[in-house]
Amino acid sequence: MNPQRTVTGRAALAVIVAGAGLAAPVAGTPAAAAAAARAPAAIAWQPCRSYSEEALRRMVPPDRLDRFKEVLARLECGTVSVPLDYERPQGRQITVALTRLKAVDQAHRLGSLAMNPGGPGGSGYLMPVQLLTMNDDAGLNQRYDLIGFDPRGVGYSTKLNCPPPDGDPGPRPAGPETEESARRRYDIESRANAACGRSDPAFLGELTTANVARDLDRIRSGLRDQKLNFVGVSWGTWLGVVYRSQFPANVGRMFLDSVAIPRFSVVAFQDGRAAAAERNARRMAAWIAERHDRYGFGTTPQQVRDAIIALRADYDANPRRFTDLDMPLDGAIVAVSATQDAPVWPLAGQVLAELRDATGPTAPPTVKEVIGDPEPPSEPPADLPEQGNRTMNRAAFCNEDPSRLGFDAAWAAFQKRLADNPMTGRADDFSAGCAGWPLPVQPVRLRPGGGSLVLSGHRYETPSPYEWTLQTQAIVGGKVYTVDDDVHGSVLREPACAADLLSFFDTGRIDGGCAGVPVPEGDGQPAAKTLSRPATGFTF
């Protein structure tokens with residue numbers, strides 16, 4: 001199995017408004033931020049783009065298309081000019097693109113509420129429209145102007161795309177990564193990092209969370225709001241706490257869902273996510289044990305865990321080849337199955353059982369469905385908005401990563417993760433991380449800020465382990481809101497949790513948490529058709 005490849009079935013994976021990655025600590029001085037804040041910003045409002053029917057169909061499920069168009073018709077679009085380097089405010093200027101959905105109830109308007117879906121590098125330009133498309137009522141837009149924006153380096157804002165890596169490590173042989181193949185991958189990735197960073201160092205060196213936060217405050221200034229309210233998911237939570245640290249007097253109400261790691265390095269980031277994936281796999285093992293009659297892996301969590309580890313080891317030692325699949329299956333498919341969130345456990349359990357019982361020559365039906373090659377995607381329409389920018393992702397990570405390991409240290413860290421996480425460690429790839437990135441590290445310390453802060457942590461999730469929420473609170477303060485699920489960024493999509501979020505922005509008050517996405521009950525009939533790659537590594 002190719003570890004870089006998402007495992008997909010024929011059915012489309014539901015689009016969720018959540019980040020795909022988390023960011024790192026960032027650079028900047030309070031003096032520079034204060035100087036930039038003194039000069040009022042001006043937003044250049046302009047007609048919004050129109051989108052072709054093909055682009056709209058790519059963005060929205062068919063049953064929500066009319067609602068999307070209805071909300072899109074209300075959208076206002078603009079740009080704001082900001083300094084590339086806030087230490088040189090009169091130097092090179094770049095453009096940040098933003099959108100606004102004015103509050104439905106202008107007579108009782110509470111202010112502007114900006115939002116970011118994650119990344120780093122995720123586009124938030126249409127996030128207000130996407131949020132309202134998910135719901136048929138105004139929700140947050142009843143009393144708030146909803147503000148979307150593309151961070152610098154993304155989408156309709158000034159950006160740069162680095163060329164793809166020069167070189168190809170070739171297909172990884174079936175079975176565990178060898179040191180030889182890992183070294184080839186490391187050399188290619190580190191050269192690509194170096195070439196990317198040197199392609200426009202003046203621009204790429206300014207792709208930091210601190211600068212995105214400064215841009216966000218320029219948007220606040222252009223909107224003529226004294227305070228800015230904010231919703232952030234995943235990396236958007238890091239943007240939120242950095243903004244609050246830099247501009248404590250300018251924060252109103254802030255809700256951050258799936259909180260990012262507060263003291264960043266790529267190593268700590270990967271280790272934290274890998275450990276969380278293994279913990280959640282133990283929950284799945286307990287769930288499977290309660291359904292021994294269906295899956296046959298044992299009647300206790302330990303029996304199921306031991307069986308999954310043995311199955312993973314067997315597939316690594318003896319990769320299976322099926323005549324109707326274009327690649328052999330090794331232990332990675334077992335590990336990927338074990339990393340799934342609770343809503344996918346029925347499907348994951350069935351895949352694991354079929355892998356155990358497979359005799360060939362063709363692949364078992366469910367395995368084939370989630371592994372088999374889908375039809376190649378058609379060329380995207382020219383007007384389809386960019387959803388994420390990988391160059392921004394790489395720059396924001398690497399400008400803020402103090403580790404930048406050499407091969408020996410990176411290989412040792414990878415091997416330790418495999419040993420520490422025997423069920424799920426093989427789901428992740430070896431990566432060079434930020435090795436070779438030629439630009440200086442730009443760290444910053446978080447500080448307590450102003451306004452009203454809610455830190456929403458999901459007790460069992462992998463991409464933003466719950467302990468990161470508690471660690472962040474210890475540094476910056478705020479109230480912890482605990483979601484009792486394992487689904488990244490689920491608050492905006494789970495009605496009871498979303499109602500709490502809405503109440504917070506309406507009243508400033510919130511209780512201690514919500515149930516979140518429920519664990520499947522019943523006989524374990526598969527309710528999903530896809531397995532997704534875990535967000536355990538250095539990926540967008």
Side-chain angles (χ1 to χ4, degrees), residues 17-28 33 36-37 80 82 86 96-99 112-125 127-128 146-155 157 206-220 227-248 250-264 269 388-389 392-393 395-397 399-401 442-451 453-457 463-464 468-469 472 475-476 478 488-489 491-492 540:
V17 182
L22 299 175
V26 292
V80 61
V82 301
Y86 278 87
V96 173
L98 68 139
T99 58
S112 293
L113 194 161
M115 47 190 60
N116 180 272
S123 169
Y125 190 78
M127 189 174 175
L146 300 187
I147 308 301
F149 72 103
D150 276 341
R152 56 171 61 200
V154 180
S157 296
E206 300 300 331
L207 296 184
T208 65
T209 314
N211 278 336
V212 175
R214 293 179 182 123
D215 298 343
L216 184 58
D217 202 61
R218 298 296 287 163
I219 291 173
R220 177 204 59 79
K227 294 183 182 293
L228 187 67
N229 306 283
F230 184 79
V231 170
V233 183
S234 194
W235 175 81
T237 70
W238 182 252
L239 173 60
V241 292
V242 170
Y243 179 80
R244 186 172 176 265
S245 293
Q246 293 183 155
F247 302 100
N250 298 350
V251 178
R253 294 168 184 166
M254 181 176 286
F255 190 102
L256 306 178
D257 189 26
S258 287
V259 178
I261 185 171
R263 294 187 178 94
F264 178 81
F269 178 70
N389 186 281
M392 165 58 174
N393 177 257
F397 264 107
N399 285 332
E400 302 161 4
D401 171 39
Q442 303 180 54
V444 74
R445 292 187 180 276
L446 294 179
R447 298 184 299 274
L453 173 66
V454 175
L455 301 169
S456 171
S464 294
W468 292 353
T469 301
T472 299
I475 298 170
V476 304
H488 187 63
V491 166
L492 287 170
F540 173 76

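Just so you know, residue 1 is the first one in the sequence shown, and it goes up from there.
Using cut-offs of 30° and 60° on the angle between ring planes, the pair Trp468 and Phe269 is parallel.
Side-chain contact between Ser112 and Leu228: present, with at least one pair of heavy atoms (C-beta onward) separated by less than 4.5 Å. A 4.5 Å side-chain heavy-atom check between Leu256 and Val241 finds at least one atom pair inside the cut-off. Put simply, the side chain of Trp238 does not reach to within 4.5 Å of the side chain of Val212, judged on heavy atoms. Side chains of Val233 and Pro117 form no contact here, defined as non-hydrogen atoms less than 4.5 Å apart. When side chains are defined from C-beta on, Val251 does not count as touching Arg220, because their heavy atoms never get closer than 4.5 Å.
Using a distance-only test at 3.5 Å, with no hydrogens or angles considered, no donor-acceptor pair links the side chain of Arg152 to the main chain of Val96. Ser123 contributes no side-chain N or O that, together with a main-chain N or O of Gly155, makes up a donor-acceptor pair within less than 3.5 Å. Proximity of a side-chain donor or acceptor of Asn399 to a complementary backbone N or O of Ala395 within less than 3.5 Å is detected. Judged by distance alone, the side chain of Ser157 and the main-chain N or O of Ala97 form a donor-acceptor pair under 3.5 Å. Between the Glu400 side chain and the Phe264 main chain, no donor and acceptor come within less than 3.5 Å of each other. The backbone N or O of Ser234 lies less than 3.5 Å from no partner atom in the side chain of Ser258, so there is not a single donor-acceptor pair. Arg263 contributes no side-chain N or O that, together with a main-chain N or O of Arg445, makes up a donor-acceptor pair within less than 3.5 Å.
Phe255 and Phe230 have their aromatic ring centers separated by at least 6.0 angstrom.
In this structure, Ile219 CD1 and Phe149 CZ are separated by 5.5 Å, a value rounded to the nearest 0.5 Å. Separation of atoms CG (Leu239) and CE (Met115) is listed at 13.0 Å; rounding is to 0.5 Å. We find the CZ-CZ distance between Arg244 and Arg447 to be 11.5 Å, quoted to the nearest 0.5 Å. Once rounded to the nearest 0.5 Å, the distance linking CD of Gln442 with CG of Leu207 reads 9.5 Å. Remark: Arg214 CZ to Glu206 CD distance equals 8.5 Å, nearest 0.5 Å.
Residues meeting the salt bridge (charged side-chain N to carboxylate O under 4.0 Å, His left out) test with Arg253, sequence neighbours left out: none. Residues forming a side-chain contact (heavy atoms from CB on, under 4.5 Å) with Thr469 (at least two apart in sequence, or on another chain): Val259, Leu455, Val480.
Summarising the geometry of Gln246 relative to Ala213, their closest heavy-atom pair is NE2-CB, 3.3 Å, with the distance given to 0.1 Å. The heavy-atom pair separating Asn116 from Pro151 by the smallest distance is ND2-CG, 3.8 Å. When all heavy atoms of Pro128 and Leu146 are compared, the closest pair comes out as CB-CB, 3.8 Å. Listed here is the closest heavy atom pair of Ile475 and Pro262: CD1-CB, 3.9 Å. The two residues Thr99 and Tyr125 come nearest to each other via the heavy atoms OG1-O, 2.7 Å. In this structure, Val154 and Asp150 approach most closely via the heavy-atom pair O-CB, 3.3 Å.
A donor-acceptor pair shorter than 3.5 Å can be found between the side chains of Tyr243 and Asp217. Under the 3.5 Å distance criterion, with hydrogens and angles disregarded, a donor-acceptor pair is assigned to the side chains of Asp257 and Ser456.
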side-chain contact (heavy atoms from CB on, under 4.5 Å) evaluation trace for Leu453 with Met254: CA-CA 5 Å; Leu453 173 66; Met254 181 176 286; 3.9 Å; yes
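By the 4.0 Å N-to-carboxylate-O rule, Arg218 lies too far from Asp215 to be salt-bridged with it.
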